[in-house]
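On a predicted model such as this, the values are computed, not experimentally measured, just so you know. In the text below, chain A, chain B and the rest are named by the order of the sequence lines, each starting its count at 1. Scope of the values below: all heavy atoms of this structure, side chains included, with no hydrogens, waters or symmetry mates.
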Amino acid sequence: MRTRSRLAALALALCPAQGAGAQDLGDAARGETLFRHCKACHQVGQGARDRVGPHLNNLFGRRAGAHEGFRYSKDMMRAASGGLEWHADTLHIYIENPKNLVSGTRMSFDGLPDARDRADLLAYLRRFSADPSDIPEADPTATGTDHTVDPEILAIVGDPEYGEYLSSECTTCHRADGGDSGIPSITLWPEEDFVIAMHAYKNQYRAHPVMRMIAGRLSDDEIAALAAYFGSLDQ
Amino acid sequence: MTFNRRAFIGTAAAAMTLSAPMVRAASHGKPRVVIVGGGAGGATAARYIAKDSEGEIDVLLIEPTKTYYTCFFSNLVIGGFRTIDSIAHSYGTLASEYGVNVVHDWAVGVDRDARTVALAGGGSVPYDKLILSPGIDFVDGAVPGWDVTAQNAMPHAYKAGSQTALLKAQVEAMPEGGTFVMVAPPNPFRCPPGPYERISMVAHALKQTNPTAKIIIADPKANFSKQGLFEEGWEQHYAGMITRIGPDFGGQNVTVNPAEMTVDIDGEVIKADACNVIPAQKAGRIAELAGVTEGNWAPVNPTDMSSKADPDIYVLGDAAAQGDMPKSGFSANSQAKVCANAVRGALTGSRVFPAKYANTCWSLIATDDGVKVGAAYEPTAEKIASVDSFISQNDEDAATRKTTYQESLGWYDGITTDMFG
Ligand SMILES: Cc1cc2nc3c(=O)[nH]c(=O)nc-3n(C[C@H](O)[C@H](O)[C@H](O)COP(=O)(O)OP(=O)(O)OC[C@H]3O[C@@H](n4cnc5c(N)ncnc54)[C@H](O)[C@@H]3O)c2cc1C
């Protein structure tokens, strides 16, 4: 985890102008068009296979250089052994200019300098990462929307102070420092995804029994309060 | 770093008119919270009050031991899944990062009129609000023939640390085909699945090195927590090894003889090679000394864990009689956060939010075979009441059980960070 927070800090240092890139969900439809930049080497989606580059299914939460059967560059393996993992923040840096993150990478790609483009592309790629049916299986920055929530509920502005109090119930299990052994990290989670996921547990769409119980008794306002508090931490 | 007795006595001497060394907390300028017991309830309360009040409240934690061994996961030490060092925690971060004043001493009395706590080492400390989270003590005479002087021959291992290590060593030293006896406690007691997780871990250890050994449980209760899950697991992993004698067969009618290492269960005398006596329990003695107990436990108000006997005293964790929550580390931690919010509100006027409580207890039956039970709780007029619950299913697949076990590892890291920083 230490590596991960160092990388998060690096992300801020490298892209000072664009704000919290990891938070920016982007437009997946536009991202699909942008994927044409990647198509020559990468496949994604059902039946995707390794080509010049590894396939990109389940990319979020994957450890760098860990996709079995693919031969990575030495530099990528070195970054991997240093703990590099693919989350929204590290991917942002990598596709802005791959050599910024892994200097000897074999990925010959000039990068996407525009933060909007990157966010859109990542929004598209997120669709092919772990099905977020349950927190333990999915990377928090990868979770897409698995069901819809009434826009009125999404629009509720939460009380962050109440959210801070409520969050103390989360930290009995989820570590505030982002540690994720056995129980997933919930830091760096996009606010809207958080709200949707909590409602998915509350409405018993997601399976995890502890989370169903915890979310089940949170009111819409309380979920919004938690989101407001967690959101305030990322700034 | 900690409470300075000389300075304290100096202050007390200056307050000439006081017969005992008493200083009103008000003289510190800041409100003061004194917490007795640095376990699951007390350490969490100390950390949250200190963290959230940002220096507005003086937090003093009285705890005799410098190293706290969690009871949770102590059974896994006996099973060989954890080392004793991996369940040891110090108070260093609470002191250095959060500014909690940690005093390593025993609290030996509470003067509720003067609002002071007396320390075994002499002197006393004043409080505005007092939080008691002393855990459990054993009911005298609960198991005829056993008292704490017998705890080396027949360990309870129900407070973790040297007792855990001792019981583990005694299991390992059992002769081939020997007999392990557990005397299980009556309700209510700390960690309802604890004795049965322990049986699983003892069986696991014996299966590796002494597979013909036998395990006997004398149990005064007709039923126990996660019974179906444990019994299924025992059948699957340790078939023929474990016999439980319930109240139908005199499991409540037990006398032990630690000198002879024998256990008399309803008239039948068994020679034990290792014997784990877990007696009936009551609130840690300081709760009784403070006069906040009724019977064995300290009744509290469900909204904020304040004592029904004294609005300036709060009782957390195992010692409290609160209603439906089991006596667990998770519960104590959950209660501590509600209490911390209420105490801070009372002393500094910060916002007080509604109480929400929860508990989940994971248990390990065998390698990668984890199960869990949990519930959510809310305050009602009379008690903390269970509102929703869940339990692992009997025939879950191995992958689910493994995930459950891994989840418990994550929870352990989570809760100990939440307690100690
Ligand atoms: C074998 C076993 C397994 C368990 N497994 C789990 C589990 O998996 N999950 C779970 O949630 N719970 C588990 N528990 C239960 C859990 O350990 C307790 O419920 C929890 O520790 C209670 O917290 P507490 O704050 O009330 O007491 P404790 O954590 O026991 O803390 C009390 C502290 O107070 C101190 N103290 C006592 N008297 C005084 C005094 N007069 N002055 C100063 N200090 C004093 C003690 O030294 C101690 O450090 C288990 C328990 C056992 C025995």
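Ranked by non-hydrogen atom pairs under 4.5 Å with chain A, the options B:Q406, B:M419, B:K372, B:K356 are led by B:K356. Counting heavy-atom pairs closer than 4.5 Å to chain A, the top residue among B:N341, B:T416, B:T360, B:L409 is B:N341.
Two residues are said to be in side-chain contact when any heavy atoms from C-beta on lie closer than 4.5 Å; B:W411 and A:V210 fail this criterion. Two residues are said to be in side-chain contact when any heavy atoms from C-beta on lie closer than 4.5 Å; A:T171 and B:K337 meet this criterion. Side-chain contact between B:V387 and A:M213 is absent, with no heavy atoms from C-beta onward closer than 4.5 Å. In this structure, B:R351 and A:D159 have side chains that are in contact, with non-hydrogen atoms separated by less than 4.5 Å.
Of the atoms belonging to B:D388, heavy atoms from both backbone and side chain fall under 4.5 Å from chain A. Looking at A:E161, the atoms closer than 4.5 Å to chain B (heavy atoms on both sides) sit in the backbone and in the side chain alike. Contact of B:F353 with chain A is made through backbone and side chain together, with heavy-atom distances under 4.5 Å. Only the backbone of B:Y357 comes within contact range of chain A, with heavy atoms under 4.5 Å apart.
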TODO: Check step by step if side-chain contact (heavy atoms from CB on, under 4.5 Å) holds for A:E164 and B:D52.
DONE: CA-CA 10 Å; A:E164 179 172 12; B:D52 294 340; 4.0 Å; yes
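Once rounded to the nearest 0.5 Å, the distance linking SG of A:C173 with OH of B:Y412 reads 14.0 Å. Note that OG1 of B:T417 and NE2 of A:H174 are 13.0 Å apart. Values are rounded to the nearest 0.5 Å. Taking OG1 from A:T172 and CG from B:D418, the interatomic distance works out to 5.0 Å, rounded to the nearest 0.5 Å.
Looking only at distances, a side-chain donor or acceptor of A:R217 sits under 3.5 Å from a matching main-chain atom of B:Y377. A:Y165 places a side-chain N or O within donor-acceptor distance of the main-chain N or O of B:P354, the cut-off being under 3.5 Å.
Side chain to side chain, B:D413 and A:S181 meet the donor-acceptor criterion of an N or O pair below 3.5 Å.
In the displayed structure, B:K402 atom NZ is contacted under 6.0 Å by at most 12 heavy atoms of other residues, nucleotides or ligands.
Of all heavy-atom pairs spanning B:A358 and A:E169, the tightest one is CB-OE2, 3.4 Å.
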